[in-house]
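Comments concern the structure below.
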Amino acid sequence: MVTAVPSPWNSANAVTIARIAVVPFFAWALLADGGHTVTWRLVATGLFVLAAATDRVDGYLARKYNLVTDLGKLLDPIADKLLIGAALVLLSALGDLPWWVTIVILARELGITLMRFAVLKYTVMPASRGGKLKTVLQSVAISIFLLPLDHLPSWISVIGWIVMVAALVVTVVTGVEYAFQGWRLRRDALRAARTSGQD
Ligand SMILES: O=P(O)(O)OC[C@H](O)CO
């Protein structure tokens with residue numbers, strides 16, 4: 001029996017592309033009026049939450065309607081990284097989040113994305129469970145930091161920091177796991193190439 005290969009131009013990937021398209025609007029709302037007006041901060045938070053929450057929608061559509069494609073597996077983490085990367089850089093530029101937090105997270109995200117492209121000739125490395133948890137924790141923490149915290153009770157900032165620290169830990173741990181996975185893939189592929197060369 002021949003199973004039909006889904007086209008990469010499907011509804012699941014369209015949702016992912018729409019999530020990427022939200023990023024400039026989110027950035028514009030966050031920077032509007034100097035980045036510290038309550039209304040614009042709430043608009044930016046709303047757009048961020050919308051784009052982050054729909055992360056589950058593309059995956060759900062892909063699995064339910066058999067639309068899982070290599071493009072989708074590659075594009076989904078990239079959409080998350082663009083949204084989260086933009087939010088972190090802008091929050092740090094506005095002085096609302098220390099730069100070291102942004103640098104640690106972006107270094108891991110960039111490193112893993114480059115590795116995903118480097119191992120493409122062997123396989124597409126999809127997001128792991130830990131990677132998905134990391135994205136949820138990052139999204140919750142960033143959503144809290146996006147709020148107009150100066151106008152809210154201080155315990156909300158405390159919760160934001162607790163979630164951010166948890167996100168940082170899972171970010172680093174899953175980054176190390178992916179690095180090992182990539183190294184193993186490359187080693188096995190080289191071994192297989194050597195063995196077939198000897199045959
Ligand atoms: O851990 P990553 O880099 O695969 O990212 C996970 C994705 O953002 C989950 O949707």
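Start at 1 and go down the list; that is how both ligands and their atoms are numbered.
Atoms of ligand 1 found under 4.0 Å from any heavy atom of Thr135 (numbered from 1 in listed order, with element): 5 (O), 6 (C), 7 (C), 8 (O), 9 (C). Which parts of ligand 1 touch Lys81 is read off a 4.0 Å heavy-atom cut-off, strictly below it: atoms 2 (P), 3 (O), 5 (O). For ligand 1, the atoms lying closer than 4.0 Å to a non-hydrogen atom of Gly131 are 1 (O), 6 (C). Near Ala127, meaning under 4.0 Å from any of its heavy atoms, are these atoms of ligand 1: 4 (O), 6 (C), 7 (C), 9 (C). Applying the 4.0 Å criterion to heavy atoms of Tyr178 picks out, from ligand 1, the atoms 1 (O), 2 (P), 4 (O).
At least one side-chain heavy atom of Arg116 sits less than 4.5 Å from a side-chain heavy atom of Ile112. Side-chain contact between Asp80 and Asp76 is present, with heavy atoms from C-beta onward closer than 4.5 Å. Using a 4.5 Å heavy-atom threshold, the side chains of Val172 and Leu168 count as separate.
Not a single donor-acceptor pair under 3.5 Å links the side chain of Thr54 to the backbone N or O of Val57. Of the possible donor and acceptor atoms, none in the side chain of Ser92 sits under 3.5 Å from a partner among the backbone N and O of Val89.
At a heavy-atom cutoff of 4.0 Å, ligand 1 is contacted by the side chain of Arg116 but not by its backbone. Residue contacts with ligand 1 for Met115 are absent, since no atom lies close enough (heavy atoms, distance under 4.0 Å). The proximity of Asp55 to ligand 1, defined as any non-hydrogen pair under 4.0 Å, is limited to the side chain.
Taking 4.0 Å as the cut-off, Asp76 counts as a neighbour of ligand 1 on heavy-atom distance.
Close N/O approach between Lys134 and ligand 1 is found [any backbone or side-chain N/O within under 3.5 Å]. Below 3.5 Å of separation, one finds an N or O of Asp80 facing an N or O of ligand 1.
Look at Glu177 and Arg129 and you find no salt bridge, because none of the NZ, NE, NH1 or NH2 atoms lies under 4.0 Å from a carboxylate O. Salt bridge annotation for Arg41-Asp96: present, with a cationic side-chain nitrogen under 4.0 angstrom from a carboxylate oxygen.
For the residue pair Thr135 / Asp55, no side-chain donor-acceptor distance below 3.5 Å is found, with atom types taken as modelled.
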